[in-house]
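Values below: every heavy atom of this structure, side chains too, minus hydrogens, waters and symmetry copies.
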Amino acid sequence: MRHSLRLLAQVERSTRFLEAGAPTGLAGLLTHSAPRSTLLYLYNDTLEKLKQFPESSVYRQSTEALTKHRLRILEEVKPEGLEEWQSRIQSAIDAFPNAFRKVSTSISDKSFNIIWRPHATEGSASADYDEEYSGASHLEGPKYEDDKQNLGTAMARDMKAEGEKIPRIEAEPSLTGEQIGEIELKIGAGLIEEVIQVAEGEAKLVETLLEAKVWEDLEEKPTEGQWAYYQRDTHTGTTQAR
């Protein structure tokens with residue numbers, strides 16, 4: 001249904017490519033300008049952070065499996081001229097290893113993706129160059145005490161000067177509308193813009209869980225029977241067949 005909404009929103013356009021910022025058919029959700037490169041960044045960032053979780057973590061196991069599955073679908077659909085684009089920007093990638101990295105694809109060790117390193121693009125977007133992924137939007141103002149304490153340091157940073165150190169590279173070739181539709185159908189989670197929103201949320205969640213080290217024991221041990229009330233089938237009759 002969602003795929004059909006996008007088709008209806010684009011019915012008057014004859015171009016092969018979806019127009020960035022155009023309606024998707026869902027209220028408040030506009031067509032993304034660079035969905036493939038954005039998802040490549042988010043998925044690889046999530047997988048890197050998950051490596052710091054214990055291998056026994058059920059959350060790590062399930063999230064890795066889903067992320068790798070969606071990443072493979074994304075890698076199998078290549079925009080026209082991808083290899084030529086990678087060759088053109090190779091010199092910039094080699095000259096600025098602190099800003100870019102090459103990651104082997106899950107399809108073949110000989111093929112690779114070029115993605116931004118985390119925090120490499122802060123302050124680098126401009127009216128003429130805004131293809132970089134800048135992350136999900138956040139509420140204004142510091143929320144926690146730690147944020148307030150670090151606010152002075154953050155405000156003192158010259159984001160524009162830092163951004164000017166990052167090279168301006170040619171954007172990755174765009175996927176056609178047909179290719180985006182193929183990805184959406186294989187993932188089966190709505191429009192690719194919705195998939196991006198989910199990936200942004202997952203990347204943020206992984207970071208939060210990693211900072212909290214949720215796999216460690218509680219600092220204060222729960223008292224005996226503290227969670228007994230919430231156990232399944234302890235206060236109501238059994239409703240499942242045994």
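- The heavy-atom pair separating E193 from L30 by the smallest distance is CG-O, 3.3 Å.
- Residues L210 and W215 share a closest heavy-atom pair of CD1-CH2, 3.7 Å.
- The two atoms that bring W85 and A171 nearest to each other are NE1-O, 3.2 Å, heavy atoms only.
- Of the residues listed (L66, T46, L40), the one engaging L71 in a side-chain contact (heavy atoms from CB on, under 4.5 Å) is L40, and it is the only one.
- If you chain together hydrophobic residues whose side chains sit under 4.5 Å apart, Y59 and V198 never meet in one group.
- Expressed to the nearest 0.5 Å, how far NE2 of H32 lies from OG of S174 amounts to 11.5 Å.
- Side-chain atoms of Q61 come within 3.5 Å of backbone atoms of E55 as a donor-acceptor pair (strictly under, hydrogens ignored).
- For the atom pair E182 CD and I187 CD1, the distance stands at 10.5 Å (nearest 0.5 Å).
- Atom CD of E202 and atom NZ of K49 lie 11.5 Å apart (nearest 0.5 Å).
- One finds no salt bridge joining E200 and K204 here, because no Lys/Arg side-chain nitrogen approaches an Asp/Glu carboxylate oxygen to under 4.0 Å.
- In plain terms, the two heavy atoms of L47 and K68 that are nearest each other are CD2-CG, 4.0 Å.
- A donor-acceptor pair is defined here as one N or O able to donate and one able to accept, closer than 3.5 Å; such a pair exists between the side chain of Q179 and the backbone of K78.
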Handout entry: Derivation and outcome, salt bridge (Lys or Arg N to Asp or Glu O under 4.0 Å), residues R88 and E84
Key = CA-CA 6 Å; R88 288 196 299 271; E84 292 80 1; over 6 Å; no

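- Looking at T38, its side chain does come within 3.5 Å of a backbone N or O of A34 through a donor-acceptor pair.
- Heavy-atom minimum distance, E184 versus L191: OE2-CA, 3.4 Å.
- Put simply, the side chain of R70 never gets that close to the backbone of A65: no donor and acceptor are under 3.5 Å apart.
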Practice task
Please lay out, stage by stage, how E48 and K51 fare under the test salt bridge (Lys or Arg N to Asp or Glu O under 4.0 Å).
Solution key: CA-CA 5 Å; E48 283 296 314; K51 291 179 181 178; 3.1 Å; yes

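- Looking at T24, its side chain never comes within 3.5 Å of a backbone N or O of T31 through a donor-acceptor pair.
- Closest heavy-atom contact between L18 and G177: CG-CA, 4.0 Å.
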Exercise for the section: Output, in order, the C-alpha distance, side-chain angles, deciding distance and verdict of side chain to side chain contact (heavy atoms under 4.5 Å, CB included) for L205 and T63. Expected result: CA-CA 11 Å; L205 176 61; T63 306; over 6 Å; no

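- Listed for the T67 side chain is no donor-acceptor partner under 3.5 Å among the backbone atoms of E64.
- Expressed to the nearest 0.5 Å, how far CD of E80 lies from CG of L175 amounts to 11.5 Å.
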